[in-house]
Amino acid sequence: MSNINKPLSGFQKRKKNLEKLQKEKELLRKVPKLDSFFASSRSNNLNELVSNDSSEESQPERVSEKEKAPQNLISENITTQNEISISDDPAKWVLDDATIEYLVLNGIKQNMDIDFSSSKRQYAYTTRFLSLSLFSRKLPNGEMQPRPWLIFSKTKGTVFCAPCKLFKKLGSLSNDEGYNDWKNASQRMKEHENSDDHRSACAKLLARKNAGGRIDERLVLQMEEEIKYWHEVLRRVVAVVRSLSARGLPFRGSEEKFGLRNSGNYIMSLELLAEFDPFLNIHIKRYGNKGSGTTSYLSSKVCDEIIDIMAKKVISTIVTEIQQAKYFSISIDSTPDISHVDQLSFIVRYVSKEGCPIERFIRFIPNCSHKAKDMATIVLQTLKNYDLDIANCRGQSYDNASNMSGAYSRLQARIKEVNPLAVFVPCSAHSLNLVGSCAAESCEAAISFFSNLQALYNFFSISTHRWGVLVSKLKPNSTVLKSLSQTRWSAQGDACKSLCVSWTEIMEALKIIANDMSEKPSTRFEASGLLNCFGSLEMCFLTLMWNDVLERFNKVSKSLQSVDIGLGTVVELYHSLVTYLEGIREDGIFDLYESRAIELSGEQNYAYDLKRKPKRKVQFDEAKRNDTELSGRNRFRVTTYKVIIDRLITELHRRSTAYEKLSKKFDFLTKLNILNTQEVCEEAFNLKDFYPGDLDENIKNECLHLQAHLLSTEATKEKKMSSLELYKFILENGFIDIYPNIGISLRMLLSTPVSNCSAERSFSALKRIKNYLRSNTEEKRLTSLAVLYIESEVMQVVDYSEVIRSFAEQKARRVKIC
């Protein structure tokens, strides 16, 4: 027992410590070096690959199966941290490179949490100690800034400046004794930290922390080379993704491997780029087809992640612009996609900084109920998700479906319950289509005309032989027959125009088929029926009339589909159509159409005049009347021609009421140079009362001032400007600060949509992105691709580096890229 408790001798202790040291060194030799986890230096290879177009054989190997770690990464002459024992007391520091390196890596401890009793200093009438407040200073703006360079020595009871002491600067804060004059400490600290020697010492200390002055310099440089390499790879991937998505092209093929013919557009684009880019060429050959478990950043998963990041960047940019514009309007519409999933398109309209109205696509919302209550919930929730305040919504535009446009409990009414200023504006282009639809169903002759027009197209298009006969008779560069459409009335105009221009040639084609004995009897009979139908005077008359009317309707409809069009222009276009129709309603125009129809068809009589007139039997108790029967001409003029024109005029008046009501509130702003002072003041106060939270009473003085300015300028004295032209005039001349209320009014007006065409256009993108070959596209990917395709203009300004940085922050990768 006595031998167990016997203390070790000095020799035994030294022997035991030596054995322990040998074991530690043996263990350290078995531990891999840090740089063995990285590839060899890529800097020379990367520069050569980017600048040199030589073949792969002339390029040095970048990565071997097992590269040797650089030797002597950490100098053996520098003592390891386990063998260094640096005191926290600056008075005990040994000023050499080992001490500086240790403090750089481990930081300087200020000793603020220990007892300051040793700092006692006796003055004549008082005793003072070191104060904790000395370790920070108060800036002129009131902020507190720490002094990380100040350190307390317990043994000396004084304070030192660590950088100045380490780099042997002269001064009371860096000598062997330190500083302890607590009576004048604050002033002395200010003088010291503003001295050139102190700033120079601090700069040297920070420089030692950089890669060039650290013992792990080679590892840091190698890490930077790795980052640069993978950054170059991702730049090429992002470029390919942006190019394909901006054109709505598919990415994947049936195979996702390099070197195959059916690998898809994404792999094909990378291979095409690699033909002229040696850097990407060697990267694909080394990492392209290695499969999972190998980092290459060329996989379809990485591609999908980059698509999602880019879409978020685009949406973030759009939302930021909307928030800066403040006022906005919404427009939604829905349609089923190829997989029979109902997709709700969400569009936001606002005014840009340049003064131009912009309509942006936000997203597709799948499986949305058509009930007004559910749709209102989705609209409000979508605005909330994108941090858009419904209180700033100044308009809403939908088609004329009852579940959206109903005035009492439908979507637009429910949105108004939340925000009464979100005025409803029905789609002007869709309303114009409805005007034509109502007129086409106003009488029996109009219904029969469009039905026979579609039957004529079906007769020729159903057979290649008949279509060949038709084309052989048409004049060069003339349009062939067109089909009608239930939703696009421009198709009706195209069909009428093709029939009107090639009337004679189409009739000849029908005669050839009707007299061709090699044709089936049913075909000859159908051709004869169409020939008799279209050969009549009435059918030729309607063709000429509808061709002119629909040609005017198509021109107006295309103008209404423009994003820049305003409410005032919509009202003017509707009124112009009414004036045009009232003009052709006159009997003189009817006679003109009649003479043209007689010349084109060769018929002199109306079909009604060629029929035997039925005679009604007079009853025994009924007096015989001598009523004059209307002729075929008058009967057609009264029951067909004027009925169609009157129905068009009536519907145009009814549809234009919704636009006139809202346009009247702002119309005076575009007529300041022609209205008198009293009218301007009344209209300004009415507008202010309608928007009390957006405008103040200064709008009256602003309108009068702007009126005087417009009248005093020759360029605007007699010119009537639209709302868009007036707003740009104010912006370009820097008058927005002079007329703030007028600027707000015009922004609210310009942000109000007059059509729902942007939502309709997004459906074309939907059909392109989600077609029958990509019917299983997920909703998240569908919306991302739709955003990148529809808003490709915004996507072009997204920086590659931002996408790569977001990609690195979002996913933890095996290779560090930023």
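Counting begins at 1 with the first residue of the sequence.
In this structure, Gln323 and Leu388 have side chains that are in contact, with non-hydrogen atoms separated by less than 4.5 Å. Residues Asp176 and Lys165 meet the side-chain proximity criterion, which asks for heavy atoms closer than 4.5 Å. Looking only at side-chain heavy atoms (C-beta outward), Tyr386 and Ile322 stay at 4.5 Å or farther from each other. For the pair Met144/Leu139, no side-chain contact is recorded, criterion being any heavy-atom separation below 4.5 Å from C-beta on. Looking at Phe328 and Val351, their side chains never come closer than 4.5 Å, going by heavy atoms from C-beta outward. Counting heavy atoms from C-beta outward, Tyr297 and Trp230 have side chains that approach closer than 4.5 Å.
Residues passing the side chain to side chain donor-acceptor pair (under 3.5 Å) test with Asn17: none are found, sequence neighbours excluded. Residues forming a side chain to side chain donor-acceptor pair (under 3.5 Å) with Asn111 (at least two apart in sequence, or on another chain): none. Evaluation of the side chain to side chain donor-acceptor pair (under 3.5 Å) rule for Arg252 yields Asp304 as partners, not counting sequence neighbours.
Pairs passing the ring pair (Phe, Tyr, Trp, His ring centres under 6.0 Å) check and including a residue from residues 146-181, sequence neighbours excluded, read Phe116-Phe152, Trp149-His192, Trp149-His198. Within the structure, every pair that satisfies the side chain to side chain donor-acceptor pair (under 3.5 Å) test and touches residues 130-140, not counting sequence neighbours, is listed here: Ser131-Ser133, Arg137-Gln145, Arg137-Glu193.
In summary, the aromatic rings of Phe346 and Phe364 are positioned with their centroids too far apart to meet the 6.0 Å limit.
We find the CG-NZ distance between Leu788 and Lys313 to be 13.0 Å, quoted to the nearest 0.5 Å. Distance check: Thr317 OG1 to Glu321 CD gives 7.0 Å after rounding to the nearest 0.5 Å. Of the inter-residue distances, the one linking Thr320 atom OG1 with Asp387 atom CG reads 10.0 Å to the nearest 0.5 angstrom. Within the model, atoms CH2 of Trp182 and CZ of Arg121 stand 9.0 Å from one another, a figure rounded to the nearest 0.5 Å. Taking CG of Leu205 as the start and OG of Ser200 as the end, the distance is 11.5 Å to the nearest 0.5 Å. From Thr294, atom OG1 reaches atom OH of Tyr287 across 9.0 Å, with rounding to the nearest 0.5 Å.
Across all non-hydrogen atoms, the minimal contact from Ala311 to Val787 is O-CG1, 4.2 Å. Listed here is the closest heavy atom pair of Asn180 and Gly157: CB-O, 4.0 Å. Between Ile769 and Ala786, the shortest heavy-atom contact is CD1-CA, 3.5 Å. Taking every heavy atom of both residues into account, Ile362 and Thr783 meet most closely at O-CG2, 4.5 Å. Smallest separation of non-hydrogen atoms from Leu130 and Ser119: N-OG, 3.0 Å. The two residues Ser784 and Asp308 make their nearest non-hydrogen contact at OG-OD1, 3.7 Å.
The main-chain N or O of Ser296 is found under 3.5 Å from a side-chain atom of His283 such that the two form a donor-acceptor pair. With hydrogens and angles disregarded, a donor-acceptor distance shorter than 3.5 Å links the side chain of Ser263 to the backbone of Leu260. No donor-acceptor distance shorter than 3.5 angstrom exists from the side chain of Trp93 to the backbone of Thr99, with no hydrogens or angles considered. No donor-acceptor pair closer than 3.5 Å links the side chain of Ser245 to the backbone N or O of Tyr789. Although no hydrogens or angles enter the test, the distance criterion places no donor-acceptor pair under 3.5 Å between the side chain of Asp389 and the main chain of Asn392. Using a distance-only test at 3.5 Å, with no hydrogens or angles considered, no donor-acceptor pair links the side chain of Glu271 to the main chain of Tyr266. Asn265 places no side-chain N or O within 3.5 Å of a backbone atom of Leu244 that could act as its donor or acceptor partner. In terms of modelled atom types and a separation under 3.5 Å, the side chain of Asn289 and the main chain of Lys257 share no donor-acceptor contact. Gln110 places no side-chain N or O within 3.5 Å of a backbone atom of Ile151 that could act as its donor or acceptor partner.
Electrostatic pairing of Glu225 and Lys228 does not count as a salt bridge here, judged by no charged N lying under 4.0 Å from a carboxylate O. Salt bridge annotation for Arg236-Asp277: present, with a cationic side-chain nitrogen under 4.0 angstrom from a carboxylate oxygen.
Between the side chains of Gln122 and Thr127, at least one donor N or O sits under 3.5 Å from an acceptor N or O.
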Hey, can you pull the donor-acceptor pairs under 3.5 Å for the side chains in residues 790-802, sequence neighbours left out?
| from | atom 1 | to | atom 2 | distance (Å) |
| --- | --- | --- | --- | --- |
| Glu791 | OE1 | Arg360 | NH1 | 2.9 |
| Glu791 | OE2 | Phe361 | N | 2.7 |
| Tyr800 | OH | Arg242 | NH2 | 3.2 |

(request) Starting from the C-alpha separation in whole Å, work towards a yes-or-no answer on side-chain hydrogen bond (donor to acceptor under 3.5 Å, both in side chains) for Ser195 and Asp197. (result) CA-CA 6 Å; Ser195 64; Asp197 288 342; 5.9 Å; no
